[in-house]
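Here the structure comes first, spelled out in structure tokens, and everything after it is commentary.
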Protein chains: 2
Amino acid sequence: MADDLFKALADPTRRTILDELTLKSGQTLFEICSRLSMKHQLGISRQGVSQHLAVLEAAGLVETRREGRYKFHDLNTAPLRRIADRWLAPDASRPEENTP
Amino acid sequence: MADDLFKALADPTRRTILDELTLKSGQTLFEICSRLSMKHQLGISRQGVSQHLAVLEAAGLVETRREGRYKFHDLNTAPLRRIADRWLAPDASRPEENTP
DNA sequence: TTGATAGGCAAGTGAAAACTTGCCTATCCT
DNA sequence: AGGATAGGCAAGTTTTCACTTGCCTATCAA
């Protein structure tokens, strides 16, 4: 659903995570945690970040692959590209009642 | 800020309002209210819709113009077009530490 | 000018969402 | 084997957000 996508993007911390995954893909949970703490001064617990990643994954924005004890997170920008299309009107200046 | 934009898009009712303004621009508050009620079976108060419109306007997605006692609402899709660009990586497979 | 229409302001309520704390499992290294 | 590392689950708390209720202002029409 589109519902999950917009909800995922609503939180600023999650958008920062997407920023970081854009800079470097395939990061682990701990790597993302340190970056949020170091670069962005976000005092957030590891579980907090983990929950954010789960939301992003549910929205299809992040894909994961497990290797041993590591879990790598990759960005998927495909859902983003479909956002604007929804409201790019064919012609919004004409009332829809006139189009059968 | 981008914060307002994503927050505005997070709510399904607000997205439906954008849908309706896409179909017909320049609607008044009452017109939007009836459409949400009739077409979408959304049992929401007039003030609820008014607050939603305020959020959309703060995000720059809706622009308003007053004429007498009427206030018309128009869609502005410009902010939408900039959304996907943020995470369209130049090259996400290369770590950023190597680029001074 | 009075009533009806269109909209606005502000406080209050209830539900959802972000975040924490505590414990538990799996993998790796020595 | 045992400690250390990477991650997960499941409460609980706090904050945010959607929505309502009640009243108030402005414009128009009779």
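Since the structure is predicted, the reported quantities are computational estimates derived from the model, not experimental observations. First the proteins, then the strands, lettered A, B, ... as listed; each starts at 1.
- Screening A:His73, A:Gln27, A:Arg15, A:Lys39 for a side chain to side chain donor-acceptor pair (under 3.5 Å) with A:Glu20, the sole residue that qualifies is A:Lys39.
- What separates CG of A:Asp4 from P of C:dA16 is a distance of 15 Å, to the nearest Å.
- The CZ-C1' distance, from A:Arg46 to C:dA18, rounds to 17 Å in whole Å.
- Regarding A:Phe30, its CZ atom lies at a distance of 11 Å from the C1' atom of D:dA4, rounded to whole Å.
- The two residues A:Asp3 and B:Pro12 have their closest heavy-atom pair at OD1-CB, 3.9 Å.
- With hydrogens and angles ignored, no donor-acceptor pair under 3.5 angstrom links the side chain of B:Gln47 to the base of C:dG7.
- In this structure, B:Glu31 atom CD and C:dT5 atom C1' are separated by 15 Å, rounded to whole Å.
- Side-chain contact check for B:Leu88 versus A:Arg81: some heavy-atom pair is nearer than 4.5 Å.
- The backbone N or O of B:Arg46 lies less than 3.5 Å from no partner atom in the side chain of B:Ser50, so there is not a single donor-acceptor pair.
- Side-chain N or O atoms of B:Arg14 include none that pairs as donor or acceptor with a backbone N or O of B:Leu9 at under 3.5 Å.
- Residues from residues 61-74 of chain A with heavy atoms under 4.0 angstrom of DNA chain C, sorted by number: A:Gly68, A:Arg69.
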Going by atom type alone, with no hydrogens or angles, which donor-acceptor pairs under 3.5 Å involve a side-chain atom of residues 59-69 of chain A and a protein atom two or more places apart or on another chain?
residue : atom : partner : partner atom : Å
A:Glu63 : OE2  : A:Asn76 : ND2          : 3.2
A:Thr64 : OG1  : A:Glu57 : OE2          : 2.9
A:Arg65 : NE   : A:Asp74 : OD2          : 2.7
A:Arg65 : NH2  : A:Asp74 : OD1          : 3.2
A:Arg65 : NH2  : A:Asp74 : OD2          : 3.4
A:Arg66 : NE   : A:Gly68 : O            : 3.3

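- Of the side-chain N and O atoms in B:Ser50, one or more sit less than 4.0 angstrom from OP1 or OP2 of C:dG8.
- At whole-Å resolution of the value, CG in A:Leu56 and C1' in C:dA18 are 13 Å apart.
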Between the protein and nucleotides 17-19 of chain D, which nitrogen or oxygen pairs are less than 3.5 angstrom apart?
residue : atom : partner : partner atom : Å
D:dC17  : OP1  : B:Lys7  : NZ           : 2.4
D:dA18  : OP1  : B:Arg14 : NH1          : 3.3
D:dA18  : OP1  : B:Arg14 : NH2          : 2.5
D:dC19  : OP2  : B:His52 : NE2          : 2.3

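- A donor-acceptor pair under 3.5 Å is absent between the side-chain atoms of B:Thr77 and the main chain of B:Leu80, judged by distance alone.
- Across the protein-nucleic acid pair, B:Phe6 atom CZ and C:dA18 atom C1' stand 19 Å apart, rounded to whole Å.
- For the pairing with A:Val49, the side-chain contact (heavy atoms from CB on, under 4.5 Å) check across A:Ser34, A:Ser37, A:Cys33 returns one residue only, A:Cys33.
- Nucleotide C:dA18 holds its P atom 14 Å from the CG atom of A:Leu42, rounded to whole Å.
- Both B:Ile44 and B:Leu29 belong to a common hydrophobic cluster when Ile, Leu, Val, Met, Phe, Trp and Tyr are linked at side-chain heavy-atom distances under 4.5 angstrom.
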